[in-house]
Every structure is written in structure tokens, then in C-alpha cells.
Number of protein chains: 2
Amino acid sequence: MKIDIEKLKKIVGKENVSDDIADLYVYASDASVHHAMPTAIVRPQTIEQVQKIMRYANSSKTPIIARGAGSGTSGHTVPIDGGIILDMKKMNRILDIRPEDMLVKVEPGVVDDDLNRALKPMGLFYPPAPASSRIATIGGEIAANASGVRSVKYGATRDYVYGMKVVLANGDLVNLGSNTRVHSSGYQLERLIVGSEGTLGIVVEATMGIRPIPKFRCLAVANFDKLEDAGNAISDIISSGCEPSMLELMDKIGIVAVNKAMNLGLKEVGAIILFEADGNVKEAVDFEIEKMKKICKKYNGKDIKKSYDLAERTKLFSGRKKLFASLSRYKEGIICTDLADDMGVPNSKIAEAAEKIHEIAERNNVIMAVYGHCGSGVIHTKIMLDSKKKSQWEDAEKVIDELYDYIHSVGGVTSAEHGIGLSKAPPWKKARSDIIPVMRKVKRALDPNNILNPHKIMDAPDNWVQATNLRYKVG
Amino acid sequence: MKIDIEKLKKIVGKENVSDDIADLYVYASDASVHHAMPTAIVRPQTIEQVQKIMRYANSSKTPIIARGAGSGTSGHTVPIDGGIILDMKKMNRILDIRPEDMLVKVEPGVVDDDLNRALKPMGLFYPPAPASSRIATIGGEIAANASGVRSVKYGATRDYVYGMKVVLANGDLVNLGSNTRVHSSGYQLERLIVGSEGTLGIVVEATMGIRPIPKFRCLAVANFDKLEDAGNAISDIISSGCEPSMLELMDKIGIVAVNKAMNLGLKEVGAIILFEADGNVKEAVDFEIEKMKKICKKYNGKDIKKSYDLAERTKLFSGRKKLFASLSRYKEGIICTDLADDMGVPNSKIAEAAEKIHEIAERNNVIMAVYGHCGSGVIHTKIMLDSKKKSQWEDAEKVIDELYDYIHSVGGVTSAEHGIGLSKAPPWKKARSDIIPVMRKVKRALDPNNILNPHKIMDAPDNWVQATNLRYKVG
């Protein structure tokens, strides 16, 4: 692909453009299994620069892939057809904090934890809290409709998007949404942009909701001999009108992995549930925790511990927090891939789905832990395999095929919080043939030259193992 | 306009089609000032019937306007170019209530209060609560992105939409969104449909979030001599991290009107604030109410009363509840129109905006009360005028022009919760020229023959007083 590097240097300054092979290599991967070299990296600092870059890309039909931290798990920012990576991390100013409206205005490169650090002295926080918040940018979180451990109470990124400035494929700048907490003034295009994975426009500013930090948080854990009991407890906790601020599951594989990696000495039971409540009044937090404890006991939950203390809560949560990082320690010679990482199911199906995932994995020679934000139906898994063997990648493909057929058959979703990208496109496309034409119509209307993150979601290859490169040495 | 009535009768049965003049007259108006006769009324009962009607309309290029209760305030369902009114009220089944996921699946014709009546015995509720909930349908609420007194805590309709089935202009049925509380699986088209006022597709089924009913609700009222003090108290309540479940304002005109209409004997002060907190634990509700009381006192709020008791709360709220209905009693010979009814402003601008609204109204010979869900920046007003005088409608136009120029200049929105329709299109189009081309592209992509509620929002006439009929006898 031919790109006019000099033209790009004139727009953003030469220090903000690179086609050096080492730089390109760094930007060829994200947190997924995929790898593809971009043609150039460009780091804009202003909205006007983004507009000029887009006008150039649109007239030259150059693919343009916006990227935040590169922490996406499904290959969203891997440029499988080359093109310009638009690194948004230099647009990282917090522009306005308005406590009187519980709104904050930011540039897209602001890191989630940095935003929360700025809000904390004011007694405020930005709730979505994906696990990658230490590095993830608000722009990337918008692109993926990110969420995390608090979604059961606080929802996902889409619930916090009030307004945004977006540069369209043709370089036009548009103001979407509002500066107010509610609006019914024209199409809610700001919420269409959320979760569109950089395929409809480049978010250059966002007005997001914030919340007061609750004064009290209490975390509790319960052990269950049977995964099924834990699943039923989760359904019952939600049905009973409890309002957990976190409701997490860890299966035995996860427990064993964190014990191996961190020497935590957790009881290697069938499953652990972690549940939290928060609020400004201790009596109310106690009320929620006690109600959930009672339900856990009803389903044979035991060894229940709870704490309000930050240090102790951190300790109780440490296994869950480091679960992903610990998984590759579960067994010698395997790596932990970000494949099949975030399906969603109705809560009544959690226990059944967990058993099914174990069964499919075992039958296909890979290992899969089951954990996640089960209070909102989010099941995290990862496929663990020997990355050097080509056959293991084929095993992974078989697992993905069978697993998502099951997930979709029980009314679940392919991705609950990370997005479709490349990795999840084959099963998602198979299940959602009805909306693909509609999505393509919207995409074509807003990006007729198909320059914005092409070949993703509905336009991704049907078989990424054959069609794209892996970032592992295989065979 | 020529419509094949026999064909429509074959689709839905002859009892469900009408082109009788009396029927057409009833459907020619909604709660707005506008009036235009449809060509036929059709009442589908199944998704398949909606699909067939759409295929007929698309091939014959017949306008098709979906309608719920007809409680829209801005002319959304007034068919200014004739066509088929698709009356959705017969599709009114509650299909599934799933407490374990806090989700409910409904047909679009379900009335909001009916849904809440079905949920109540299970300890659940559907929160958006527009003032018209007694008659408004879920489909209509989705079309307008409706919200109400509880939006300050519970948000708007868009925050409760998880999945939907939509019939597109070409008759295709698509499943949007998910059966789970979070999803990142393709474009969030379900949230694009919310607030699109029937211009992008017909919602034939919706999966909506529900919540547990809080055990305690406490309502308080405070009087303020100065409107400015009340406005500042509202900003401060939100800034201070209070979590009201309601935070309402009434100005003196509103107070005088309800006193006249209902003989309530309210003190005719500059403004009243009503504030509520809810929760499962009384200590927590008390905590919120006391914090808000203290802030009201800081801004010279007085005569503060509070109650947990339903009967007493109903009494305290009765003035606010009947405010709209009472307004036309404010002065002999005037009527209360639904014009300029729901602007939104940042909370820091509430007091200033209220004063400005009074000033503009007075200077232009109309009367405007200021009230609303000011905790989320929603300012309700109504233009009260002598409907028989043509000059008064011209006065109203002048007010609208000047008022919205001001609202937009302070970062406000044309419509916070009722939608743009016809009445609000002129000021909205003037302010939002940047997004009109984007909306048109999306509209054209999904409805190339422009059959779905044409001539509304971005395609509405620039001057409805000249371009459309009023439902009043003028001159």
C-alpha cells in the first residue's frame, strides 16, 4: 500500500508519523492472537489534524484504524489490509468536569484509571471499569462498549455516553448527543457509535456520565462444592431484587490457576462467588450483603467471609483480579489466548453454560476456565492451548464453532463486553445473518469508501486461522 | 392518496382497517397543536401482519406512521402527507418476565402503567415513568426516548432497551440487541431506534430492563422566595453527590395555576422544589433526604415538609402532578399548548433559563410556566395563549425562535424527553445543521423510499404554522 508519508508529516508534524519497521511491528498486534503490519502510524493531537488525515485517507481510499491502548482482545485494531494506525493516545486531556450535572468531557486518549484518579478527590468516579482500566482509553472503551466487574449495578459504557464529537469518514466534524443527562433531539447517533469498533467514525471528544463514590463497600466470598449451586445462587440473587455492585464467579480451573500462580491457598472447590454491595449508609450495605449471604447459604455456599476494609477486600479479590494473568500457569507448555473470551448468557443459563464449556473444551483437547461478571450474564473464558502446534489452533476453531452454537441456542450473545473484531466474527456472522445487511447499509451510508477499520465485524474473514496471521510461532 | 383498502383488509381482517371519516378525524391529532387527516387506519395483531403491511407500503410508496396512545406532544404521529396510521395498541401482550435477568419482553402496544401493574406483585417496576404513563405505550415511549420524574436516578427509556424485534421499511424482520444485560456484538442498532420517532423501523417486540421496587420512598418539599435560590439548590444537590430519585421544580406561575385549579392553598412563593429518595433501608433514605434538606436550607429553602407515607406523599405531589392539567386555569380565555414543552439545560443554567423564559414570554404576550425534572436538567414549559387569535400563534412562533436560540446558546437541547416531531423541528434544525446530513444518510440507508413517518424531525417543514394545519379554530 502506498501512503503519502510527507503529506501526513505536514499535518501532524514529522515526530508524529512513523513508518519505521520496529514501530509498525509494535502496532501490528493488540491483546488478541492476530498480527498484521500497518503501513504507517500517525499520532494526531487536535481535532483539525484528525479531520485532515481523514480527508486524505478518504480521497486516497486508505484504511484508517483508530487505536487507544491496543488492549482489545479480538483483533479490532489489527490492520489486516494495512493502512494508517491512528494512535489516539496523544489526545488525552480531561477537558471539563461538571459535578453539577455528573458529567465529564474528555479527549479519547484519556486512560480510564487516569480519569478516575482525577475524579477521586472530588468524590466522583467513572463506573464502567473494564479489567484493563490501567491502560485502556475512553475512546477504546467506547469503541468496544466496554464494561467490567461493576456492570451488574452500573451498566456498560453505552449507558454513560451522553455526547460526543465525531470525525466522519469524509472529514466532517459532527456533535452528537447532548450536554445534558437526557435528550430526545434527533437520532441517538452517539449510542450507535458506541460499540461500532472504529468502523463508523473517529470519536475525538466524549461527554460521559460520572457518579458519586459510595462511602462504603463490602465484599464477600462464598465457596460452593458444585458449580451448579453457584450458578443457581447467582440467578436467585438477581431475582430476589438484591442490588450487588459486583457479582463474580470463578470455577475450579480458575481457582487452581491462581493458587499455582500466586500461592493463595484458596480451597479448590467447584466454584467461588464474590459479591459486593456499596452505598453511603452502612446499614443499607449490610442489608444487601446479608440478603446475598442468605441466598448463598440456601444453595450450600460455605466458608463465607466479608469485609468493609480496603486491604482485606483487596486480598479477598486478589485471586479474581489476577485470574486472567494466572491462567497460563495452570499447566506447563500452554498459553492463554484471548479466544472465546466474553460470551453472555441469560442468568438462568450460567451453570449449564459453564458445564457445557468444560465439556466442549475437554473433548477438543484445550483447557477453558469459566469466570466473570455472572451477575450481568457475562461469562469470561479463555482458550488455553499449546501455541506451537497447528493442530491446537484447529482444535480452538472447533471449540469456537461448537461453543458459540450452544451459546446462541440458549439466547446468549457472542460478545458481552469486548467486541467482535476478527476473532469472534465467524460465530457471530453465523448467528446474526439478519442484522448483517442492516449494519452494512449503515456502514455504507457513513463510510462509502470503506476506509474506517475495514474487514472487521460483519466484513471480517469467515475463517481467521486461514485468512489472517497469528502472532505466535506455529509448527 | 390512493390506498388499496381491500388489500389491507386481507392482511389484518376487515374489522382492523378503517377509512371512515370519523375514525380518520380521531387519528388526525395527537397531544400536539397539529392536525392532518390520515388516509387509513390499520390495526395489526401480529408481526407477520406488520411485515405484509410494510411490504405493501414500500412497494406503493405509501407513508406509514406507527402510533401508540397518540400522547405525543410534538406532532410525531400527525400524518401531514396522509398515509396509513399503524395503530399498535392491539399488539399489547407482556410476553415474558425474567426476574433472574431483570428483563421483560413486551409487545409495543403494552401500556406503561399496565406493565407496572403486572410487575408490582413480583416486587419489580419499569422505571422511565413519563407523565403520560397511564396511556402511553412502550412502543411510543421507545419512539420518543421518553422519561419523567425519575430520570434523575433511573435515566430514560434508552437506558432500558436491551433487545428488540424491528420490521424494516422493506418488510424484513430483524432481531436487534440481546437477551442479556450487556452486549458488544455488532452495532447497537437497538439504541439507534430509540428516539427515532418511527422514522427508521417499526418496533414489534422489545426486551426492556426492570428494577426491584425500593421498600421506602420519602418525598419532601421546600419553598423558596427566589427562583434563583431554588435553581442553585438543585445544582448543589447534584454536585454534592446526593442521589435523589426525584428532584422537581415548580415556579410561581405553576403554583398559582394549581391553587386556582385545585384550591390547594400552596404558598405562592417564587419556587417550590420537590425531592425524593428511595431505597431498601430507611436509614439510607433518611440520609439522602437530610442531606438534601440541608442544602435547601443553605439556599434559603423553608417550610420543609417530608413524608414516607403514600397518602401524604400523594398529597404533597398532587400540585406537581396536576400542574399541566391546571395550567389552562391560570387565566381566563387562554389555552395551554404543548409548545416549547421540554427543553433541557445543564443544571448550572436552570435558574437563569427559568428567568429568561419568563422574560421572553412576557415580552411576546404569552404566558409560560417553568417546572420539570430539573435534577436531570429537564425544563418543562408550555406556551399559554388565546388560540382563537392568529396573532397569538405568531407570538408563539417568535417565542419559540428566541427561546431556543437562548437554550442552544447555553448548551441546552431542544427536546429532553418528548422528541422533535413537527413542533420542535424549526428551532432544532436551525441549531443542529451538522447532524442533519448524517441523520438523512442513515434514514435513506434504512428507508430509501421514505415511507416511515416522513416529514418529521430533519424532514419536517421549517415553519409549521404556515405549512401545517392547527387543530384549533383560529380567527
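Letters A, B, ... are given to chains in the order of the sequence lines, protein chains preceding strands, and every chain is numbered from 1. This one's a predicted model, so the numbers in the text were calculated from it and none came from an experiment.
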Which answer fits A:Val152, side chain, backbone, both or neither, if we ask what part of it has an atom under 4.5 Å from a heavy atom of chain B? neither
Side chain, backbone, both or neither: which part of A:Asn232 has an atom under 4.5 Å from a heavy atom of chain B? neither
Heavy-atom proximity to chain B below 4.5 Å, by part of A:Arg98: side chain
Using non-hydrogen atoms and a 4.5 Å limit, figure out which bit of A:Leu168 sits close to chain B: side chain, backbone, both or neither. side chain
From the list B:Glu197, B:Arg181, B:Arg444, the residue making the most non-hydrogen contacts under 4.5 Å with chain A is B:Arg181
Answer yes or no: is there a side-chain heavy-atom contact under 4.5 Å between A:Leu192 and B:Gln188? no
Any side-chain heavy-atom pair of B:Arg158 and A:Arg158 under 4.5 Å: no
Between the main-chain N or O of A:Gly377 and the side-chain N or O of B:Thr180, is there a donor-acceptor pair closer than 3.5 Å? no
Give, as side chain, backbone, both or neither, the part of A:Ser235 having an atom under 4.5 angstrom from any heavy atom of chain B. both
Can you tell me if B:Asn280 uses its side chain to pair, donor with acceptor, with the backbone of A:Glu288 under 3.5 Å? no
If we only count heavy atoms from C-beta on, is the A:Tyr187 to B:Ile457 side-chain gap below 4.5 Å? yes
Side chain A:Asn145, main chain B:His183, donor-acceptor under 3.5 Å: yes
Output the distance between atom OG (B:Ser348) and atom CD (A:Glu100), rounded to the nearest 0.5 Å. 4.5 Å
Toward chain A, the part of B:Lys215 with a non-hydrogen atom under 4.5 Å: side chain
Largest heavy-atom contact set with chain B, pairs under 4.5 Å, which of A:Thr199, A:Ile234, A:Thr157: A:Thr199
Part of A:Val194 within contact of chain B (heavy atom distance under 4.5 Å): backbone
Ion pair check, B:Arg191 and A:Glu190, cut-off under 4.0 Å: no
Hey, could you give me the CE/CG distance between B:Met439 and A:Leu176, rounded to the nearest 0.5 Å? 10.5 Å
Heavy-atom pairs under 4.5 Å with chain B are the metric here; pick the option from A:Ala146, A:Ser196, A:Gly195, A:Gly123 that has the most. A:Ser196
Leading residue by heavy atom contact count with chain A [cutoff under 4.5 Å; candidates B:Gly241, B:Ala445, B:Ala416]: B:Ala416
Which region of A:Met343, side chain (C-beta onward) or backbone (N, CA, C, O), has a non-hydrogen atom less than 4.5 Å from a non-hydrogen atom of chain B, or is it both or neither? neither
When rounded to the nearest 0.5 angstrom, what distance separates OG in B:Ser185 from NE2 in A:His408? 6.5 Å
With chain B, which of A:Gly411, A:Ala431, A:Pro346, A:Gly419 has the greatest number of heavy-atom pairs at distances under 4.5 Å? A:Pro346
Can you tell me which of B:Pro212, B:Gly375, B:Ser184, B:Gly177 forms the most heavy-atom pairs within a distance under 4.5 Å of chain A? B:Ser184
Region of A:Lys349 in contact with chain B, defined by heavy-atom distances below 4.5 Å: neither
Cut-off 4.5 Å, heavy atoms of chain A, and the answer for B:Met122 is neither
NZ/NE/NH1/NH2 to OD/OE distance under 4.0 Å, B:Glu283 and A:Lys282: no
Could you tell me which of A:Ile420, A:Asp172, A:Leu446, A:Ile436 has the largest number of non-hydrogen atom pairs under 4.5 Å with chain B? A:Ile420
Output the distance between atom CG (A:Asn175) and atom CZ (B:Arg432), rounded to the nearest 0.5 Å. 6.0 Å
Go through A:Arg211 and B:Glu243 one step at a time and tell me if the side-chain contact (heavy atoms from CB on, under 4.5 Å) criterion holds. CA-CA 9 Å; A:Arg211 295 281 299 258; B:Glu243 297 197 311; 3.4 Å; yes
Given a strict heavy-atom distance threshold of 4.5 Å, which part of A:Ser376 is in contact with chain B: side chain, backbone, both, or neither? both
Between chain A and each of B:Leu124, B:Asp159, B:Ile237, count heavy-atom pairs under 4.5 Å; write down the option with the most. B:Asp159
Using a cut-off of under 4.5 Å for heavy-atom pairs, which of A:Leu200, A:Asp286, A:Asp236, A:Leu103 has the most such pairs with chain B? A:Leu200
Heavy-atom closest pair (B:Ala156 atom, A:Val182 atom, distance to 0.1 Å) is CB-CG1, 4.0 Å
Below 4.5 Å, heavy atoms only, C-beta onward: do B:Ile238 and A:Asp101 meet side chain to side chain? no
Could you walk me through whether B:Leu173 and A:Asp434 satisfy the side-chain contact (heavy atoms from CB on, under 4.5 Å) test, starting with their C-alpha distance in whole Å, then the side-chain angles of each, then the deciding distance to 0.1 Å, before giving a yes or no? CA-CA 8 Å; B:Leu173 176 68; A:Asp434 60 335; over 6 Å; no
For each of A:Gly344, A:Gly186, A:Cys242, tally heavy-atom pairs with chain B at distances under 4.5 Å, and name the one with the top tally. A:Gly186
